[in-house]
Amino acid sequence: MTVTPVPLPLPLTSPDSSASSASPADPASPKSRGRGLRPSRRTVLAAGVGGTATALVLGAAAPAEPSVSADAISAAAVREEYLHGWRGYQDVAWGHDEARPISRTTHDFFAPGHTFGLSIVEALDTLFLMGEDAEVIRCCDWIEQHFDPVQNADVQIFEVVIRLVGGLLAGYQATQRPALLARARELADRLLPAFTASPTGMPYTHVNLRTGAVRGKVAALAEIGSNAMEFGLLSRLTGDARYYDASLRAYRAVISRRSALDLLGTSIDVETGRWADCTSVAPNAPVDSFYEYLCNGGALLRDAQLSSWYQTLTAAILRHQAVRAGGRLWFRSVDFRTGRPNGPTTQLELGAFYAGLLGKGGAVREGSAYFDSWTAVLERHPVLPESIDYTTLAPLDRSGQLRPEYANSAFDLWRITGDEHYKECAFRWFLAMRDRQRVPGGYTNLRDVTAPAGSARSYDDLTPGYWFAENLKYLWLMFSGTPRFDYRVGMLSTEGKALAGLRPQWL
Ligand code: DMJ
């Protein structure tokens, strides 16, 4: 299979242009298009978003309220599965980070012997959006009484920010319970030493929440940048600029080290400021949400600098990394100094979020093409494997970790284009997950997505916390048309937390 670089016309504004001058994506036809993975005619999805780009497109004015009519049957099925998973967590792991639904045991996500009630924090705003108010109150009560942000535990800053700080902020915005904002702030205060102790401002990877001791001086880009949304919102809600200042200083330190091609490497030494490698693996992990937070952070915080950086870096990724293989759009790894291919033809499932991100940044055509590439993988493997060889679509890592990225992109592209196709794809994805990953105690990861559906030997016995934050939230928002979410201005973080657009008056 030949892999050819794609000379993509850039839909973006010129490098370093500001967000306010970025144009919104062209609204695509809201008609359903004739692409692959068509479901048989099921009850489908009457909703549209009026064919307009949303405020997610940088600098765009918010359009009129979309008239989202619910597909009640699909929405009810989604909610039923969410509650099935939630009951599974409650039964075996309430108060612990994560449930192992088959062995009926628990998993400490951040540090052995410590719990932060991760799944409770992850679930908060999804439960709110689904109208599960008694559960929301129960979760808030648990957090008020038991959540401990000063444990003697070494934690990864990236995970604490996107999961816990973000979850508490979303929960606060849904409920207006002051304790949730207070906990988010206490936690962020405990994370700040990782930024302030660093000579470059780029955070160490880990901090001890009790002692403030830091460790991990080689950080991947996602670990450095995926805090601007949470810290920016926290600064806004508290009037304390320290959080957002720390984020911006870290971002500036990385971006000032970009190559002449406007590409970045993967990991950097936060003490010396030297790159630890010379490969741009974008949009794959572990750099994925570094780019996501430039775009979404720029829009959430109306920060033209973040948006401008996003446009500059994205133009370079599209120019140097986009390739066509088998007629489909993929992204190759390159040497960030020369743009030459560097590394295997691997694509991680985690990169599937990039289809939606491209759309949100204005590159709707490329986002849509990349989404189609992942849809082609789903035609072979109804549950996406963790990684594939993009020249053959063969799985490399066959495990399936209940990932939300494909549904995330479907949601984003649906909001931007109003195209029913994205809802149909998302629902097909949902049905495959239900067929293959549902167990009596909830939902579980798989060891091998190519094993026959229901093959017990393939079950990997974990419901990841993010399943409660992300997977079914995207589906619910697409099918329910809930009035609890303002579809014009709502914004989700990389962990699916609604950091804007929740309507607390509904609680
Ligand atoms: C989530 O924790 C976040 O979306 C993160 O940015 C990467 N992906 C996982 C879930 O797959």
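In listed order, ligands and their atoms are each counted from 1. Values below: all heavy atoms of this structure, side chains included; hydrogens, waters and symmetry mates excluded.
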Fill in the blank from the handout: side chain to side chain contact (heavy atoms under 4.5 Å, CB included) with Y243: of N227, D189, L233, V161, only one passes, and it is D189
Handout entry: Contact check: D288 vs ligand 1, nitrogen or oxygen atoms, below 3.5 angstrom
Key = no
Exercise for the section: Please work out which of the three classes, parallel, tilted or perpendicular, describes the rings of W86 and W94, given edges at 30° and 60°. Expected result: perpendicular
Fill in the blank from the handout: So the atoms of ligand 1 within less than 4.0 Å of a heavy atom of R163 turn out to be 2 (O)
Problem - Aromatic plane relationship, F485 with Y487 - under 30° parallel, 30 to 60° tilted, over 60° perpendicular - result: perpendicular
Handout entry: Salt-bridge criterion met for K497 and E470 (N-O under 4.0 Å)
Key = no
Practice task
Identify the protein heavy atom lying closest to atom 3 (C) of ligand 1, giving its residue, its atom name and the separation to 0.1 Å.
Solution key: E495 OE1, 3.1 Å
Completion exercise
If we number the atoms of ligand 1 from 1 as shown, the ones under 4.0 Å from a heavy atom of R403 are 9 (C), 10 (C), 11 (O)
Practice task
Examine the proximity of ligand 1 to L350 and report which part, side chain or backbone, both or neither, has a heavy atom under 4.0 Å away.
Solution key: side chain
Handout entry: Geometric N/O contact T494 with ligand 1, under 3.5 angstrom
Key = yes
Exercise for the section: Take every heavy atom of E470, measure it against each atom of ligand 1, and state whether any distance is under 4.0 Å. Expected result: yes
Practice task
Kindly assign one of parallel, tilted or perpendicular to the pair H107 and F109, based on the angle between their ring planes and the thresholds 30° and 60°.
Solution key: perpendicular
Handout entry: Within-shell test, E349 vs ligand 1, heavy atom, strictly < 4.0 Å
Key = no
Practice task
Give the residue, atom name and distance (to 0.1 Å) of the protein heavy atom nearest atom 9 (C) of ligand 1.
Solution key: E405 OE2, 3.7 Å
Problem - Quiz item: cation-pi between R328 and W374, 6.0 Å / 45° - result: no
Practice task
Please determine if E159 has a nitrogen or oxygen closer than 3.5 Å to a nitrogen or oxygen of ligand 1.
Solution key: no
Practice task
Nearest 0.5 Å please: distance from the NZ atom of K360 over to the OH atom of Y354.
Solution key: 12.0 Å
